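The structure appears below as structure tokens.
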Amino acid sequence: MINPLSSSHMVNMEFISNAMILSFSILLLLPSTSYSLYQKPENHIKTAIFVTGSFEMGPGSIATKTFENIKFPKGHVGIKSFDAELVDQEGNSIPSYETYLHHWFAIKYHQNITMSPNPKLRRPEDAFFQRNEGTCNGGILPHYWGFGVESRGTTSKIPDPFAIEQGNPTKIKNGYEEKWLLNIMVIDTRGAQDKKACTQCRCDNMNLPKDFYNVTRDIHNQRLTTNYKGGLFCCQDNLQCKQIEGFQGSRRMVSLRYKISWVDWNIYQIPVKVYILDSTDKVRSNGSKILHDCLAEYTIPAGGGGDSPHVQKANIPMENGGYLIYGTAHMHSGVVNATLYGQDGRTLCTSTPKYGTGKEAGNEKGYLIGMSVCYPQPGSIKIHDGEILTLESRYKNEFRTGAMGHFYIFLAEELPQ
């Protein structure tokens with residue numbers, strides 16, 4: 001796989017091979033545009049709030065942006081939480097029925113300190129991702145933190161004495177420095193003919209270029225066919241949801257505000273490893289090597305009907321295991337739940353949705369506003385090396401495009417003494 005960090009010709013935002021995760025291909029082409037609002041210590045835990053650079057959105061517009069070299073805690077630290085939400089130019093929270101946060105992903109990379117500011121002079125080895133421990137192939141789902149419309153109501157807090165270790169100088173190659181980027185996708189649904197279809201990125205509800213299917217390629221670098229009815233490929237930067245005729249709405253500046261809590265690393269911290277699993281993972285083997293063909297999104301076909309949910313299932317072998325410390329799912333509206341099972345059928349974690357009932361940001365009626373989190377008693381659930389886990393993501397059994405079933409688990413190799 002071509003290192004997307006060195007692909008200077010890729011200027012348009014895309015996600016994994018011309019779509020979600022390969023949208024990170026424009027890494028290092030954008031200026032660093034985030035700033036700190038404040039920093040406050042709380043006991044041994046430090047907390048800071050940052051805001052990315054702003055970008056303009058109007059009714060029906062779609063934005064997929066990457067902000068590289070974002071503000072992040074310096075030094076050898078243990079991250080305790082990482083949360084984010086959309087805000088306007090005054091710092092007000094934006095409700096999801098106006099502007100829909102499809103996803104945000106925080107991704108680590110290492111950059112050569114001598115790398116040229118001129119993209120044409122950069123070498124493949126000048127910058128590269130440091131992905132999480134998850135099983136997906138290539139550049140699929142490489143991030144450490146990231147949710148979507150459910151962000152405000154899904155906690156990322158890690159209990160003491162566990163933390164996600166970052167900035168360890170012994171793990172950074174000489175001549176390089178550790179940096180972070182944020183990739184986000186935002187959909188303004190004001191004035192949309194069909195808000196639900198707009199947030200699901202249904203192709204027939206977008207003003208696509210006439211040559212869209214002739215030039216767009218999927219994650220396997222194959223030309224996208226007209227059988228593709230919706231998803232990340234149809235929600236590319238600067239595209240537009242079809243609007244109600246005559247609708248008038250103002251344009252505004254939008255930013256992602258993110259809050260990080262951390263501790264300085266010491267002998268009392270216990271590291272956890274981040275695994276992001278995908279219910280579309282089609283596990284196969286090439287000789288003795290196990291390959292994980294994750295698609296990151298899927299379509300629920302029309303005509304399912306009935307009261308039973310649609311189930312997307314993957315059996316995922318884990319090369320390395322550990323003690324389960326944290327678990328939750330990244331899903332979209334319409335989710336019923338997501339469950340991770342052990343090889344013996346035991347339930348490791350079920351993440352369930354919460355839907356809004358009001359109008360205020362964070363409680364939008366009918367919208368997904370949070371996913372539950374599992375905090376098993378440390379030591380009570382152990383995933384063994386080589387164990388095959390089963391991930392099932394469940395949605396209402398109705399036509400849906402761009403559905404996601406990502407499951408986050410934090411595993412510790414040891415327990416407190």
Side-chain angles (χ1 to χ4, degrees), residues 10-26 29-30 52-67 84-89 94-105 146-151 181-213 215-219 224 228-245 247-256 296-297 299 330 332-333 364 367-368 400-404:
M10 297 183 184
V11 228
N12 295 321
M13 182 65 63
E14 301 171 325
F15 177 88
I16 309 176
S17 300
N18 300 326
M20 191 170 91
I21 299 301
L22 284 192
S23 63
F24 309 144
S25 60
I26 67 166
L29 301 185
L30 295 177
T52 68
S54 58
F55 48 95
E56 188 177 53
M57 299 197 74
S61 65
I62 298 169
T64 56
K65 305 295 182 184
T66 294
F67 295 95
E85 68 164 338
L86 281 180
V87 295
D88 63 18
Q89 58 266 37
I94 303 176
S96 297
Y97 52 79
E98 292 184 1
T99 306
Y100 186 90
L101 178 57
H102 185 279
H103 73 260
W104 63 271
F105 295 139
F147 294 110
V149 68
E150 79 280 21
S151 285
L181 68 84
L182 278 170
N183 172 262
I184 63 177
M185 177 189 287
V186 182
I187 306 170
D188 192 313
T189 61
R190 292 174 296 163
Q193 291 180 5
D194 187 333
K195 285 195 175 190
K196 184 177 180 180
C198 182
T199 60
Q200 292 180 18
C201 299
R202 293 188 190 173
C203 302
D204 60 0
N205 274 264
M206 304 294 166
N207 292 323
L208 300 177
K210 291 182 179 180
D211 62 347
F212 179 79
Y213 285 102
V215 299
T216 308
R217 294 183 175 272
D218 64 18
I219 63 172
L224 201 66
Y228 184 80
K229 301 302 181 183
L232 293 148
F233 296 101
C234 288
C235 268
Q236 298 181 33
D237 195 35
N238 295 320
L239 293 184
Q240 182 91 13
C241 291
K242 292 180 179 179
Q243 293 280 282
I244 298 170
E245 187 175 353
F247 180 84
Q248 298 292 323
S250 61
R251 300 185 67 82
R252 63 182 172 196
M253 303 303 291
V254 176
S255 301
L256 189 75
E297 65 170 355
T299 295
H330 166 47
H332 292 168
S333 293
E364 301 91 334
Y367 283 81
L368 177 65
R400 175 174 298 275
T401 59
M404 290 184 173

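Computed from a predicted structure; not experimentally measured.
Note that the CE atom of M185 and the SG atom of C201 stand 5.5 Å from one another [nearest 0.5 Å]. Atom NE2 of residue H330 and atom CZ of residue F105 lie 5.0 Å apart, to the nearest 0.5 angstrom. The distance from atom OG1 of T66 to atom CG of N183, rounded to the nearest 0.5 Å, is 4.0 Å. Summarising the geometry, atom NZ belonging to K65 is positioned 4.0 Å from atom CG belonging to D237; distances are rounded to the nearest 0.5 Å. Taking SG of C203 as the reference point, atom OH of Y213 lies at 4.0 Å (rounded to 0.5 Å). The CD atom of Q236 lies 8.5 Å from the CG atom of L208; values are rounded to the nearest 0.5 Å.
With sequence neighbours left out, K242 forms a side chain to side chain contact (heavy atoms under 4.5 Å, CB included) with Q193, N207. Judged as a side chain to side chain contact (heavy atoms under 4.5 Å, CB included), and not counting sequence neighbours, the contacts of A197 are D194, R202, N205. Every residue meeting the ring pair (Phe, Tyr, Trp, His ring centres under 6.0 Å) condition with F147, not counting sequence neighbours, appears here in chain and number order: Y408. Residues satisfying the side chain to side chain donor-acceptor pair (under 3.5 Å) criterion with T199, sequence neighbours excluded, are absent altogether. The salt bridge (charged side-chain N to carboxylate O under 4.0 Å, His left out) check on R400 picks up E398, with sequence neighbours excluded. The side chain to side chain donor-acceptor pair (under 3.5 Å) search around H332 returns none, not counting sequence neighbours. For D88, the side chain to side chain donor-acceptor pair (under 3.5 Å) partners are N92, not counting sequence neighbours. By the ring pair (Phe, Tyr, Trp, His ring centres under 6.0 Å) test, Y228 is found to be paired with F233, residues two or more places apart in sequence or in another chain being considered. Partners of D211 under the side chain to side chain contact (heavy atoms under 4.5 Å, CB included) rule, at least two apart in sequence or in another chain, are P209, N214, V215. Residues passing the salt bridge (charged side-chain N to carboxylate O under 4.0 Å, His left out) test with E364, sequence neighbours excluded: R152.
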CA sep, side-chain torsions, deciding dist, call: L86, W104, side-chain contact (heavy atoms from CB on, under 4.5 Å): CA-CA 10 Å; L86 281 180; W104 63 271; over 6 Å; no

Criterion side-chain contact (heavy atoms from CB on, under 4.5 Å) on C241 and Y100, from CA distance to verdict: CA-CA 12 Å; C241 291; Y100 186 90; over 6 Å; no

Please tabulate, for the side chains in residues 247-256, all donor-acceptor contacts under 3.5 angstrom to protein atoms that are two or more places apart in sequence or on a different chain.
residue : atom : partner : partner atom : Å
R251    : NE   : E56     : OE1          : 3.3
R252    : NH1  : E98     : OE1          : 3.1
R252    : NH2  : E98     : OE1          : 3.0
R252    : NH2  : T99     : OG1          : 3.0

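In terms of heavy-atom proximity, C198 sits nearest to I187 at SG-CG2, 3.4 Å. Closest approach of C234 to L239, counting heavy atoms only: O-CD1, 3.8 Å.
Using modelled atom types, one side-chain atom of Q243 and one backbone atom of R190 make a donor-acceptor pair closer than 3.5 Å. Checking side-chain atoms of S61 against main-chain N and O of M57 turns up no donor-acceptor pair under 3.5 Å. Under the 3.5 Å distance criterion, the side-chain polar atoms of T401 are matched with a main-chain donor or acceptor of Q200.
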